[in-house]
Amino acid sequence: MRARTAAGIVASIRSGEATATATIATHLAEIERTDGEIRAFLEVLGDLALEQARAVDDGEVTGPLAGVPVAIKDVLCMDGIATTCGSKILDGWRPPYTATAVRRLIESGAIPIGKTNMDEFAMGSSTENSAFGPTLNPWSTQHVPGGSSGGSAAAVAAGHVPVSLGSDTGGSIRQPASLCGVVGMKPTYGRVSRYGLVAFASSLDQIGPFSQTVEDAALIYVAIAGHDPMDSTSLPEPLGDPVGALSRGIDGLRFGVVTELAGDAIDPEVAAVFAAVTEGLGAREVSLPSFTHALSAYYLIAPAEASSNLARFDGVRYGLRIDADDTTTMMCRSREAGFGPEVKRRIMLGTYALSAGYYDAYYGQAQKVRTLVANDFARAFEEFDILLSPTSPTTAFEIGERAADPLAMYLSDLCTIPANLAGIPAISIPAGLDSKGLPIGLQLMAPALEEERLFAAAAEIEARIAFDAKPNLLGAGT
Amino acid sequence: MTITPDDVHHVAKLARLNFNEEEVARLARDLGDILQHASKIAELDLAGVEPTAHPIKLKNVWRPDEVRPSLTPEQALANAPAAEENKFRVPRILEVEDSEE
Amino acid sequence: MSSFETVIGIEVHVELSTNTKMFCGCANEFGAPPNTNTCPVCLGLPGSLPVINEQAVRDAVKIGLALNCEIAGACLFHRKNYFYPDMPKDFQISQYDEPICYDGYLDVEGGRVGITRAHMEEDTGKSTHIGEDGRIHDATHSLIDYNRAGVPLIEIVSRPDITSPSHARAYATELRNVLRSLGVSDVKMEEGSMRCDANISLREPGSALGTKVEIKNMNSLRSLQRALEYEEARQREILESGGAVTQETRHWNEADCQTHSMRSKEEAFDYRYFPEPDLVPLAPPPALVEELRSSIPELPAARRARLASEWSLTDQQISTLTSVDGLLEIVSDAVARGADPVTATNWATGDVLAKLKSDSIDADQSGLNGHKLADLCALVANGILSTKLAKQVLITIMETGKRPGQIIEEEGLAQVTDESELAAIVESIVNDNPDEAERYRAGEEKLLGFFVGQAMKATRGKGNPQTLNELIRSKLRR
């Protein structure tokens with residue numbers, strides 16, 4: 001089954017053609033049927049979703065997304081519902097509050113239908129780092145769905161839900177969207193409140209949507225974005241009308257291709273599809289030299305912030321505790337047992353980068369590279385309105401293929417990281433398939449706060465590409 | 001960039017993590033590789049460049065000094081691995097820190 | 001021999017008396033039942049984010065201005081990373097190399113003390129150590145209450161300008177008085193709302209600074225001085241016997257009046273400071289700084305100067321008058337209503353203070369106010385009340401809040417000033433004591449007091465002493 005879009009579901013419920021209860025029941029059945037294979041969900045919130053669906057049908061809940069089922073990456077808090085972040089260390093933790101983005105979705109009438117799998121604490125590019133086992137790519141179960149929001153990407157690709165939420169620190173929405181053949185969007189840093197998003201790297205994290213269409217991504221973005229007094233880094237600027245901008249077209253827009261994100265590191269099949277699209281847009285190349293250092297800067301900044309953000313998982317107030325005679329030993333044992341190898345590796349890397357004697361050479365220097373990346377973007381956006389690159393250097397890789405080589409895994413984020421360092425909005429849309437039938441994604445980047453322009457361009461290019469391939473799920477019979 | 005097992009032990013202590021010797025050897029190698037890559041930026045001459053701690057340029061974000069509802073002690077302690085007398089219970093504390101009375 | 005000079009620097013932590021905590025809306029109150037003033041933010045729950053309390057910023061700026069500091073045009077919060085169970089995030093949000101206030105000074109008895117910085121940070125929770133005698137090292141386990149976690153703190157760091165333990169006490173006392181007059185803190189050392197740590201070293205005059213020792217756990221101004229005196233003597237003894245002082249932290253023990261070395265830490269401090277990514281910079285606008293500057297009340301030093309010049313009070317009188325909250329206000333009000341400043345001050349620092357102390361109440365809890373004190377002074381000045389009776393009336397005012405006139409009326413306390421009535425009494429006393437009368441006439445003039453006393457006894461204390469004096473003199477005149 002190919003799920004209907006969020007826009008389609010809203011229209012059919014409004015017209016009385018369908019009910020929210022039936023819609024939710026259909027999607028729950030679809031999850032039941034195929035998620036045993038894909039494992040996109042860590043928990044399905046069936047009863048809760050049906051209860052909310054009845055409230056929609058009874059007219060108690062209205063809103064622009066009334067009745068739309070949505071999957072939530074398990075890094076976002078929901079009051080009273082287990083939140084694991086893909087980690088054993090949060091064993092049994094039920095937050096007493098709901099993340100602002102999720103609350104806003106619910107207030108818009110959307111219905112959270114489950115919590116999705118992810119790389120532990122969003123650290124990874126394959127969802128293999130989940131303590132609860134990997135999610136598989138709906139296009140090929142031999143392959144990873146990408147990560148860290150692999151569950152949310154796979155859930156949309158598999159037709160479990162029309163839309164889902166993910167979080168993107170270095171590409172964790174866009175890269176799995178690319179590998180799963182769906183739309184994934186990272187807003188401008190500060191557009192969506194991070195309140196209730198369990199932090200990985202606070203100065204880079206943003207929440208954003210996955211969807212089948214650019215229009216649905218815009219609908220979800222509009223629902224979750226906007227100023228929140230609970231997040232000091234939340235931007236006060238008005239959102240404009242990204243949904244209205246979808247029909248604006250691309251006349252007069254100048255497209256640039258970032259040389260540093262389109263070179264030898266890109267797989268030839270990906271490069272070919274990318275070239276075909278950019279040619280049609282009359283894109284010109286622009287060189288942004290600082291980008292060659294962006295990956296290194298990211299892999300110092302993100303682990304440094306993470307090492308501090310993850311200190312609180314110490315067995316004292318919540319989550320896993322492995323007992324001991326004294327508190328220090330208890331903390332060490334709990335963290336040893338609760339964190340997986342990649343999380344430990346990044347905590348160690350970040351702790352080292354911040355420690356006495358190394359701060360200036362690593363963290364301090366990385367922050368300066370961040371300035372250079374932002375300056376390069378600013379320069380490029382004087383000449384171009386939208387910058388383009390492949391979203392991921394390769395299509396989905398096989399399960400286990402990069403698990404033993406952290407550096408190879410880190411290279412998956414090559415093209416997505418610069419937007420996080422500069423805090424600008426970016427979106428990945430499906431652009432084609434490689435010879436193995438795996439999806440290839442196209443990334444569009446716009447200046448900070450220019451989500452309207454980003455959605456307008458993405459919608460027009462989406463229409464031109466007219467990507468309509470579907471994964472052939474086991475037993476899907478489509 | 002060479003990371004020694006002693007470096008790993010030191011950092012592990014700061015980060016409250018335990019590793020066996022096999023893991024220490026593996027980490028020394030992995031961290032060394034990653035930092036080798038990162039050391040390229042350590043060598044850049046960025047003397048005149050301002051660091052960016054944050055991608056946005058907001059300042060003076062604050063809230064009025066007005067009391068908002070707190071959690072109940074039951075809610076606060078609901079996730080506690082151990083509690084006693086409405087307080088979080090931990091094993092004895094060996095190290096005396098700044099905060100110690 | 002003892003040619004060493006003492007070098008002391010003091011760090012003071014002050015809890016602000018804001019309504020709410022530093023980064024969340026939980027109530028900031030002392031003594032609430034455990035864990036009743038906590039929320040996701042101050043419990044450090046995953047996904048929670050800090051938002052700065054505006055009042056804490058205003059208080060910090062006021063403190064800086066009162067301490068003659070520069071106010072930073074822009075400043076940052078940093079994370080200070082270390083694991084400790086009463087710190088919910090396992091890092092403290094503090095300020096590092098960009099404090100909000102810097103380069104100030106405070107003039108105190110014994111000489112000006114420079115102030116390096118005053119910065120904002122958050123307090124920790126409170127641990128109770130359970131076991132034999134409640135001491136940390138003998139405890140079997142500890143219990144943590146996070147009500148105090150996140151309470152706003154200002155840390156005020158002096159330069160090492162302090163030259164003796166008494167100078168240190170004078171500094172801490174004056175600092176406390178300044179903070180009290182600003183109304184920003186309870187400054188109660190016994191409740192921990194003001195906490196002093198001291199660094200002390202000895203050196204031969206003109207030589208480089210000696211090895212310093214940090215001492216902690218002084219819970220009164222007196223113990224601050226005593227701990228420093230102890231430590232000064234201990235270090236002098238070590239140095240005079242040719243030894244070397246060890247750099248360490250020592251705890252003052254009130255019970256045995258000694259400092260004790262604290263268990264040394266396993267690892268050197270490495271706080272891995274980095275800019276707090278969940279907060280944005282503070283840049284107190286110049287208009288706000290000016291508004292706060294004009295709101296600063298008369299500070300203790302200026303007040304002392306004014307009281308000495310306008311009211312001709314002695315240093316001792318001023319210091320007693322300002323030692324208790326509310327006393328000066330009562331006297332000022334009385335003076336404004338016409339009372340003589342010295343007389344009113346003597347009442348306040350004598351009988352009023354004694355009564356407050358014996359009843360263990362604050363000035364505003366007694367029945368006395370400036371109006372009643374002014375009335376009392378006038379009644380004595382006009383001869384209606386003797387000093388002795390006035391003392392009696394004062395006690396009744398303080399206990400009942402009644403006005404002096406009403407008390408005199410109800411208790412029939414007014415002086416007898418009617419000369420014919422008093423003359424009859426004098427006549428009979430002189431007649432009843434012929435021997436004394438004879439001796440007085442023979443030149444033993446100190447017997448005047450005897451006759452006055454007899455007359456007061458006969459009038460039950462109500463005879464006007466001046467009138468009686470004159471009547472007795474004239475009666476006994478040869």
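Sequence lines set the chain letters: A, B, ... in the order given, protein chains first and strands last, and positions in each chain run from 1.
Residue C:Asp278 holds its CG atom at 7.5 Å from CG of A:Asp231, rounded to the nearest 0.5 Å. For the atom pair CD (C:Glu276) and OG1 (A:Thr233), the distance works out to 10.0 Å, reported to the nearest 0.5 Å. Taking CG of A:Asp314 as the reference point, atom CZ of C:Phe83 lies at 7.0 Å (rounded to 0.5 Å). Atoms CG and CZ, on C:Leu49 and A:Arg194 in that order, are 5.0 Å from each other to the nearest 0.5 Å.
Options A:Ser202, A:Ser307, A:Pro229 differ in how many heavy-atom pairs under 4.5 Å they form with chain C, and the most are formed by A:Ser202. Contact tally against chain A (heavy-atom pairs below 4.5 Å) for C:Gly47, C:Cys39, C:Pro277, C:Pro50: the top residue is C:Gly47. If you tally non-hydrogen atom pairs under 4.5 Å between each of C:Leu279, C:Val280, C:Leu45, C:Ile144 and chain A, the highest count goes to C:Leu45. Of the listed residues C:Tyr273, C:Phe91, C:Tyr146, C:Phe274, the one with more heavy-atom pairs under 4.5 angstrom with chain A than any other is C:Phe274. Of all the listed residues (A:Ala304, A:Ser308, A:Pro96, A:Ser203), the one sharing the greatest number of non-hydrogen pairs under 4.5 Å with chain C is A:Ser308. Your options are C:Pro88, C:Pro275, C:Pro40, and the one with the most heavy-atom pairs under 4.5 Å with chain A is C:Pro88. The candidate from A:Arg317, A:Glu305, A:Met330, A:Gln367 with the greatest count of non-hydrogen atom pairs under 4.5 Å with chain C is A:Arg317.
A 6.0 Å sphere centred on NZ of C:Lys212 holds no more than 12 heavy atoms belonging to other residues, nucleotides or ligands.
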Test side-chain contact (heavy atoms from CB on, under 4.5 Å) on A:Tyr359 and C:Arg272; report intermediate values, then the result.
CA-CA 8 Å; A:Tyr359 181 95; C:Arg272 291 161 281 135; over 6 Å; no

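Taking non-hydrogen atoms and a 4.5 Å limit, the residue list of residues 77-91 of chain A in contact with chain C, ordered by number, reads A:Cys77, A:Leu90. At a heavy-atom cut-off of under 4.5 Å, chain A is reached by no residue from residues 17-25 of chain C.
Neither the backbone nor the side chain of A:Ala99 comes within less than 4.5 Å of any heavy atom in chain C. Proximity to chain C (any heavy atom under 4.5 Å) is restricted, for A:Tyr189, to the side chain, taken from C-beta onward. Contact of A:Asn309 with chain C is made through backbone and side chain together, with heavy-atom distances under 4.5 Å. If you measure heavy-atom distances from C:Pro85 to chain A, the contacts under 4.5 Å come from both the backbone and the side chain. Both the backbone and the side chain of A:Tyr195 come within contact range of chain C, judged by heavy atoms closer than 4.5 Å.
The heavy-atom pair separating C:Asp270 from A:Ser355 by the smallest distance is OD2-CB, 3.3 Å. Across every non-hydrogen atom of C:Tyr84 and A:Met331, the tightest pair is C-CE, 4.2 Å. Looking at every heavy atom in both residues, C:Ser48 comes nearest to A:Arg312 through OG-NH1, 4.2 Å.
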